[in-house]
Amino acid sequence: MTLALPAEWCAPERAWVLPLAVLLPLLVALVLPLLRRHPNAREAATLTGGLLLALGAVLLWTLAETPLRFSLWTWMPGLELAFELEPLGLIFASVAACLWPITSLYAIGYLRSTDERHQTRFYICFAIAIAAAMGIAFAANGITLFLFYEMLTLATWPLVAHKNTPEAQRGARIYLATLLLTSIGLFLPALIWTYALTGTTDFRDGGILAGHAGPGTLAVLYALFLFGIGKAALMPVHRWLPAAMVAPTPVSALLHAVAVVKAGVFTVLKVTIYLFGLDTLEVGGAATPMIWMSAFTIVVAAAIAVRQDNLKARLAYSTVSQLSYIVLGAALAVPDAVLEGALHIVTHAAGKITLFFCAGAIYVAAHKTKVSELDGLGARMPFTFAAFSIAAMSIIGLPPLAGSWDKFLLMEGAVDAGWPVLMGVLLASSLLSIAYLAPIPVRAFLLPERGAPAADDDPSGEAPVVRRPRIEEAPWTCLVPLCLTAAACLVLFFFEDQLLTPLAARLGAP
Amino acid sequence: MTANLPALQVLIPLLAAPLCVLLRTPNAAWAVFAAASACSFVFAIGLLLTLPAAGSISYAMGGWPAPFGIVYVIDAANAWMLVLVSGAAVATAVYARVSIAAEIEARRIYLYYACLCLCLTGLLGIVSTGDAFNIFVFLEISSLSSYALVAMGRSRRALLSAFQYLVVGTIGGTFLLIGIGLAYALTGTLNIADLHARLPGADNRALIAAIAFIGIGLSIKMALVPLHAWLPGAYGEAPSAASLFLAACSTKVAVYALLRFLFSAFGIERSFAVLPLTQIGLLAGSLAMLVGAAMACLQTDLKRLLAWSSIGQIGYIVAGFSLATHDGLRASFLHLLNHAVIKAALFAVAGMLVLRLGSARLEALAGLRQRLPLVFAALLLAGLGLIGMPLTAGFVSKWALVQALIAEAQWVIVGAVLVSSLLAVVYVGRVVEIAWFREPSGATTAIAPIPLSMQLVTWALVLLSLWLGLDSALPAQLAGNAADALLGGPR
Amino acid sequence: MIASGYNYWMAMALLIVGLYILMSHANMVKKLLGLSVFQMAVFMLYISLGKVRFGTAPILDSSITVYSHPLPHVLILTAIVVGIATTALGLALVVRIHEAYGTTDEDEALALDRKPDAP
Amino acid sequence: MIGNVILVDIALFAILLAAALGIAHTRSLYSAAMLAGLFSLTCASLFVVQDAVDVAFTEAAVGAGMSTVLFLGTLALTHSRERVTPPTRRVPALLVAVGTGVLLIYASLDLPPYADPANPVQQHPLTERYLQTSQQEIGVPNVVTAVLASYRGFDTLGEVAVIFTAGVAVLMLLGRLRGNAAGSPGTAPAGGLQGEHRVLRVVAKLLMPFILLFALYVQFHGDFGPGGGFQAGVIFAAGIVLYTLVFGLGHARAVVTPGILRMLLPLGLLLYAGVGVATLLLGGAFLDYNALSPQDPVQGQHLGILLVEAGVGITVAAAMILLFYAFAGRGARS
Amino acid sequence: MTVVLVASWALITAGAVLALTGALGLFRLPDFYTRTHAASITDSAGASLLLLGLLLQAESFAVGIRLLLIMLFLLFTSPTAAHALAQAALKDGLKPVLGRAARR
């Protein structure tokens, strides 16, 4: 991030770039219907939009230190719609922005090769979802965040129900019901309560709730928030995640790696840091129940994942487990742990999206959806499974891959916060993650292909000496993205501190 | 002529009604109705603007001063309601032309418009008058015409619904009459301000009974649970235009009348002292929210679904004003307007569907979204408002209500509000899911394009509701003034 | 007390009967009859408010000094009109309902609609 | 003196109660309707005892006359016997009715004593204004008319609007409108008693002019005695009803054609409101009759009252006849 | 003057008695026609006697003329009404109860 830009660029009156970031995807969403009839132009529009946004997000890093605040309007006394640039949001924004073009590229290949219907609707909703993610990232107060949070839910609903089949509808219903019920039933009341206590919902350093409520209230409120933010998939409100698996794989990638779940955990971090304030939580011990809850989720979800045979379902439960790392980091409420959370947003995004891309690619190329069917596929799809292995290792947390950092930071944080017990939890979960991720590449590469057609795939009658299965990869539009993200898993390992410095400075941590 | 505005904005529709009957042709009658409602709307706006900051305009009918004759008293509260009612009338007028022509036998259309004029007259009269008995008279004008409006629905159920509406509504009106009579017996006057000045102290049993009778009577008219039985049939079976108009303002006006009696005639110091009105109101209100929303989830017909949701929404309004605080009243007034706009938009959508599909049964909507994109976009946006999504009108008023409730530490009611909002998610979600994600059932015959006028009204209402959600500074302030006007005691 | 209130109480007795007829009977004509009885009882209540001992009808005459109060009479004149209007509309509905359902009994009509083959 | 009044009251109430219970009990709707007519008539006499002559007049004309006719007309078109009422309906009804009654009794405990000159109703300045000052302001001996048409003239406008609404609504629901024309005289005189009823026809012919004359008398004598536009209108309508019963709907429609009625129905209301508009244009408040002749307000009041009473009479008569036609015509068709 | 009073009260009593008989007959008589007859006695003879009695007590001409008009009206209408009723009943096919059956 050593781009040198003229000083006036970094002036606070540049704040209009923030609403612009929200506006850009919306514009794309507006343009797409006009291109309904020309698929190529349509995809081109999406991609350009994505690239522009990604570029913008990267450029924003140069402004990380300048306080940018843009107040759109006050739509009711006490209800202000405002955007603000702060490091954490920047991290989430750049993750979403950078993964949008990649995912779209992948989606193009996927949707075309499985020729799905309602493709335009798909891209429109996708763009709106990204816009919502941007809004969440730059929200300056709880109400604005809540607004875009709901917008994200509604925008992704059609994506989940994409196939219009009864089970797609059922999945979508569970998805929508869980997310809306939790957000309106718990999240919103928590916000209102906060508003009633403090008279504002602005995100401020050190939190706004400090001194406004006793430890008991804080504990309840914090629980309301964490369960209310259903997108964070903290057990027991995780059911929507596996249910949403009916969606096409690019959607799953979006849901489980980029926009939705990350928006959830991001919100958790925001609430923890800027509404409660680390000190408030730490001294009050208000977060203790949540610490246990997230630890529980980490282990149990991982254990469930091990027993899933459907590849996407397994990945989904792994997501549930991984998300709780971030929640745990937030709940520990010490700088290191929180930084871990922030970092994990990025690393897990890179890793998990790769895994989903691979799952999709496998489905496209070999029409396989079950882990038990993957034997020997590695030879047919070397790139896919190579990428898969890298991402898997990153998720498990093996150096030199991005995932290793945040495991390390989290353990540090756990010790700082005086929770050595959690070391055990983390260890167990790492082992479990090995248990549910490792078998896939292993089966693919080492086991012989099950039910391998012996002779009939050989034009010449005589038995082959050694069979060299021909490469049957997914189309390049699918392949390129997953290689990119896999690469990202490696690269990020080296940019960890650049990512975290602004936030660390903001948190006043070493 | 500006001095006569209070009289004119009721007089114009009153004159329009006989004119409709004289002219005898559908188009002329429509023109008269449209012109009349436009006039009253303009006059209402004029009143709202010319209204002194805190004071009120008083207009003596027949030139007879306050207790001897009938006076109209316009303050912030009923100026607000006047704008609401006449605005709804304008929307109805633009909307009605096509839908009524399609739904009503041509030879009866001019009578139908006459009834619409009379209904408008009645509602406006209730809102503007400062005389207790005059409220009863105009209430009966509006009620009678609404029975007729409902009865003209296309199915025979409409007749039955209208009859039940008539019986129940008349009981309500007569209860109101009894209440007014008791108050009159205690004071010898019918003028609201004079009543407030002369009514005896809180310990009078006749006074308590008077409040009870008026409360029950008007609760029937506003379909407050458990006195709501007439509403689903009435709104569900009425012709679309009538549903739009009635749903937008008839129950609202009953709410206003009750407010006027409780706060201006009896005065907060009596009404809320002799009876536990706060508790009763909160109980009934929360009951209404839950029952209405729950029943809405079970309906199979869009219009009935909307009618039930109206019952639920009345609950919010009642819960708001029964706090008897400024914030509560403000929330009620805000929701009066916001819900009127949202529900009118939704009934407008239902009307378009009835026009093209012959009914608004939910199964009939399966997968229609692709074929009527605009209609369902409107449905979605208004539906979000009904749920109370941020940036919609519904959110603003619910937010105001919840704030008021929290200020009074009514946590249980807050819970009820949230639960009913969740139920709203369910019933709106059902409709949207059927329209969006269900494959069209059966033969897909071509659907004729929807008339521009109806689309226009629908989208105007939808956009208005969005605007109310985006920038509610002005409405909030006006509602605040209205609340002040009521809490300011006697007029 | 009795002497002072008997008039109200007799009216109230009629009111109860009227309301009972209205609520208990499923037949719509009977309902309307009950409705008018109910309303008449309320009218009596009003009129008795205007009565004053040794008073006469409020038609001014030099030879008379005590008049009953005219206002309740005016109100009830209006209310009677409202009553007949409501009754007429109700009866019209009854006729139409009878044409549509072939019955004037509310419950029977509702039952007809609950049948699946109802139009 | 007052004792006798109490006796009369109680006697009348006994009849009323009997009639009401009879309505509740009988299952023959015809007798129920007739009992209702009896009920109204007794009410009327009770009102006379309580000095409300105008109300009594109206009640006799409307309750005992018009509404009974309408009820009978309806019964002629529908069933005349009712099902046995199931107890499932009775219990809740009884609860509600008794609950209301209890509330009323509770209220009556604090109501001012009956007929006491010290009541708030009698003490309020209104009384003095209406019973004394009205002579200088309006100068109409029948105070009820004065209050009805001037002090609370706006209420009465509303009342006319109500009856107009009823007319329009019933027309919309039952009316045979343009298209299928009204039966001309001679053709299918529905509902008429034909042929040998010479007596009836002679008597009817004999009485008709008097009835209509009486209606006019009531119309214009309203300032000085009981009566006024409303009673007059109903009586006029009653005359036409009698005519229809005797000579048949066809003849009646020929004499007083629905077309004319449908003109008169709104015209009455327009006349009433028009007076108000006129006063507005003359610079007064709405319905401020003084504006009609500024130099002599009382004259203006007289003029205004005359006009609005005429409006009331026209609309009421037209509405009542239209209602009757609507029901009778329905019968003629079905 | 007393003579007039006595006469009037006598008339009134007579009228009342007739009215009572009519009411009695309405209950006791066997069939529709006879009951109609009884009823018509009440409102023709009974009523007119009452009115005559009142007429003798009328203190002003205006009142008197009204009473006379009412009486005239009754004398016209009530027999006609009775006639119409009987006619309608006969047309409706209601047979009078005659002979032995009548005096059960």
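Lettering follows sequence order; numbering is per chain, from 1.
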Winner by heavy-atom pair count (cut-off under 4.5 Å) against chain B, out of C:L75, C:L110, C:V42
C:L75
Between C:L45, C:V81, C:L32, C:L19, which has the largest tally of heavy atom pairs under 4.5 Å with chain B?
C:L32
Heavy-atom distances under 4.5 Å only: say whether [X] touches chain C with side chain, backbone, both or neither.
| X | answer |
| --- | --- |
| B:L160 | both |
| B:F175 | side chain |
| B:I141 | neither |

Approximate separation, where rounding is to 0.5 Å, of [X] [atom1] and [Y] [atom2]:
| X | Y | atom1 | atom2 | value |
| --- | --- | --- | --- | --- |
| C:T86 | B:E140 | OG1 | CD | 5.5 Å |
| B:F163 | C:I97 | CZ | CD1 | 6.0 Å |
| B:Y165 | C:L93 | OH | CG | 12.5 Å |
| C:R96 | B:M152 | CZ | CE | 6.5 Å |
| C:L89 | B:L166 | CG | CG | 5.5 Å |

Any donor-acceptor pair under 3.5 Å linking the side chain of B:Y184 with the backbone of C:Y46?
no
With a 4.5 angstrom heavy-atom cut-off, which part of C:T78 approaches chain B: side chain, backbone, both or neither?
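Only the side chain of C:T78 comes within 4.5 Å of chain B.
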Shorter than 4.5 Å, heavy atoms on both sides: which option in B:I178, B:L177, B:L182 has the most such pairs with chain C?
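Max contact count across the listed options: B:L177.
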Going through the distances and angles, do C:E99 and B:L159 end up as a side-chain contact (heavy atoms from CB on, under 4.5 Å)?
CA-CA 11 Å; C:E99 287 170 2; B:L159 294 165; over 6 Å; no
What do the steps show when you test B:T170 against C:F38 for side-chain contact (heavy atoms from CB on, under 4.5 Å), and what is the final call?
CA-CA 10 Å; B:T170 311; C:F38 176 51; over 6 Å; no
